[in-house]
Amino acid sequence: MRLIENEESAAEALADLFAGARNAVVFTGAGISTESGIPDFRSPGGVWSRMEPIYFEDFVRSEERRLEDWRRRFDMLARFRAATPNRAHLAIARLMETGKVSTVITQNIDDLHVRAGCPRDRVVELHGNGTRAACLDCEAPRPLDGLEEEIARSGRAPRCMACGGLVKMCIVSFGQAMPEAEMARAEAATLAADVFVVAGSSLVVYPAAGFPLLARRNGARLAIANREATDQDSVAELVLRGALGPIFGPLAHV
Ligand code: NAD
Ligand code: ZN
């Protein structure tokens with residue numbers, strides 16, 4: 001393992017790694033969006049850490065929990081919409097455009113990779129997307145326009161117009177199964193990668209955090225860029241310690 005703590009040197013090492021890649025995959029976590037103003041899981045006082053989570057089975061069982069979930073989701077949505085992609089998101093979109101990066105696997109639900117220019121079909125959202133809602137039964141999408149006002153007016157959580165099922169934001173709640181298709185796509189992309197770069201994840205949330213390990217076992221070169229240490233640093237070839245904007249930013253101009 002080679003540890004680089006100087007951001008400029010880290011940026012150079014990352015550029016070299018991508019230069020030698022045929023098929024790179026970037027795996028991102030909440031840390032890539034903090035420079036866009038979206039707090040990560042650990043930030044003290046962040047919306048994510050302050051509240052106890054609403055488990056999927058409670059959402060399904062309780063109208064009161066559903067209403068609380070919708071309140072939180074609309075707060076988050078406002079935050080996501082107010083944010084703009086930062087240098088790191090833009091650099092990854094650029095690497096995709098040049099053909100270096102085939103796939104982004106993300107744990108984020110903020111949609112910022114797509115807004116940075118990554119084609120939607122090349123972004124695997126392991127934990128869903130917090131800017132869309134759909135029926136839990138028939139999967140019919142539910143437009144969000146006017147929905148917050150409708151919930152406030154009726155005092156009821158929305159139901160599917162097609163089948164009457166429960167409507168929920170398209171995110172994976174605690175206690176909810178991981179999306180099978182996304183897991184399969186992430187696995188296929190990981191197994192095809194010769195270079196696998198982690199950006200801004202504490203690598204503690206499984207099964208998502210299993211992908212860098214799978215890449216490594218499969219022979220890919222593994223790099224971890226994060227501003228604090230992770231449990232997987234010891235198995236990585238390259239550990240880049242610092243802020244992602246300065247480390248990824250220069251790659252936007254390749
Ligand atoms: P995490 O909060 O556990 O870890 C984020 C890591 O990024 C931390 O180790 C932190 O030190 C690092 N970091 C923060 N800002 C950084 C920066 N500017 N430069 C470099 N490193 C930085 O996040 P996780 O690993 O993604 O897991 C948390 C879970 O919470 C995920 O499952 C995710 O779905 C969810 N989440 C999503 C969002 C989002 O969509 N933006 C935000 C918060 C949490
Ligand atoms: Zn339905």
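Each residue takes its place number in the sequence, starting with 1.
- Taking 4.5 Å as the limit, some side-chain heavy atom of Leu203 sits within range of a side-chain heavy atom of Ile224.
- Remark: Glu149 CD is packed, more than 12 non-hydrogen atoms of other residues, nucleotides or ligands lying under 6.0 Å away.
- For Asp137 and Arg159, the salt-bridge test fails: no basic side-chain N is under 4.0 Å from an acidic carboxylate O.
- The OG atom of Ser9 sits 10.0 Å away from the CD1 atom of Ile247 when rounded to the nearest 0.5 Å.
- Other residues, nucleotides and ligands contribute over 12 non-hydrogen atoms within 6.0 Å of the CE atom of Met178.
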Query raised in the report: How far apart are the C-alpha atoms of Val205 and Phe41, what are their side-chain angles, what is the distance that settles it, and do they pass the side-chain contact (heavy atoms from CB on, under 4.5 Å) test?
Result: CA-CA 11 Å; Val205 179; Phe41 200 64; over 6 Å; no
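- Looking at Asn218, Leu214, Leu213 one by one, the single match for side-chain contact (heavy atoms from CB on, under 4.5 Å) with Thr190 turns out to be Leu214.
- Side-chain contact check for Phe211 versus Val198: every heavy-atom pair is 4.5 Å or farther apart.
- When atom types are taken as modelled, the side chain of Glu63 and the backbone of Ala157 share a donor-acceptor pair closer than 3.5 angstrom.
- Side-chain contact between Gln107 and Phe27 is present, with at least one heavy-atom pair separated by less than 4.5 Å.
- In the model, Thr34 has no side-chain atom that pairs as donor or acceptor with a side-chain atom of Asp40 under 3.5 Å.
- Within the 4.5 Å cutoff, the side chain of Glu125 has no heavy atoms near those of the Cys170 side chain.
- In this structure, Arg2 places its CZ atom where only 12 or fewer heavy-atom neighbours from other residues, nucleotides or ligands lie under 6.0 Å away.
- Between Val25 and Ser102, the closest side-chain pair of non-hydrogen atoms falls below 4.5 Å.
- The pair Asp233-Arg241 meets the salt-bridge criterion, with a side-chain N (NZ, NE, NH1 or NH2) lying under 4.0 Å from an Asp/Glu carboxylate O.
- Between Asp69 and Arg72 there is no salt bridge, since no side-chain N of the basic residue sits under 4.0 Å from a carboxylate O of the acidic one.
- For the pair Glu150 (side chain) and Pro158 (backbone), a donor-acceptor distance under 3.5 Å is absent.
- Not a single donor-acceptor pair under 3.5 Å links the side chain of Lys168 to the backbone N or O of Leu136.
- Ion pair Glu7/Arg87 not flagged as a salt bridge, since none of the NZ, NE, NH1 or NH2 atoms sits closer than 4.0 Å to an Asp/Glu carboxylate oxygen.
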Query raised in the report: Glu148 and Trp70: side-chain contact (heavy atoms from CB on, under 4.5 Å), yes or no, with the steps?
Result: CA-CA 8 Å; Glu148 189 172 14; Trp70 280 105; over 6 Å; no
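- Arg185 has a carboxylate O that lies under 4.0 Å from a charged side-chain N of Glu182, or vice versa, which qualifies the two as a salt bridge.
- Salt bridge status for Arg132 with Glu139: absent, with no side-chain N to carboxylate O gap under 4.0 Å.
- Below 30°, between 30° and 60°, or above 60°: for Phe174 and Tyr55 the angle between ring planes is between 30° and 60°, a tilted geometry.
- At a threshold of 4.5 Å between non-hydrogen side-chain atoms, the residues Arg122 and Val104 do not count as touching.
- At distances below 3.5 Å, at least one donor-acceptor pair connects side-chain atoms of Thr98 with backbone N or O atoms of Leu95.
- Two residues are said to be in side-chain contact when any heavy atoms from C-beta on lie closer than 4.5 Å; Val26 and Met96 fail this criterion.
- When all heavy atoms are compared, the tightest approach of Ala24 to Asp194 is N-OD1, 3.9 Å.
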Query raised in the report: When you look at Leu144 and Arg73, which way does the side-chain contact (heavy atoms from CB on, under 4.5 Å) test go after all the steps?
Result: CA-CA 11 Å; Leu144 294 173; Arg73 295 301 162 198; over 6 Å; no
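- Using a distance-only test at 3.5 Å, with no hydrogens or angles considered, no donor-acceptor pair links the side chain of His253 to the main chain of Pro250.
- In this structure, the side chain of Asn108 does not engage the main chain of Asp110 through any donor-acceptor pair within 3.5 Å.
- The shortest distance between side-chain heavy atoms of His89 and Ile32 falls below 4.5 Å.
- Atom-to-atom distance recorded for Ser202:OG and Glu228:CD is 7.0 Å, nearest 0.5 angstrom.
- Glu35 contributes a side-chain N or O that, together with a main-chain N or O of Leu244, makes up a donor-acceptor pair within less than 3.5 Å.
- A salt bridge is absent between Glu68 and Arg65; no separation between the charged side-chain nitrogens and carboxylate oxygens falls under 4.0 Å.
- Here Ile38 contributes atom CD1 and Arg79 contributes atom CZ; the two are 8.0 Å apart, rounded to the nearest 0.5 Å.
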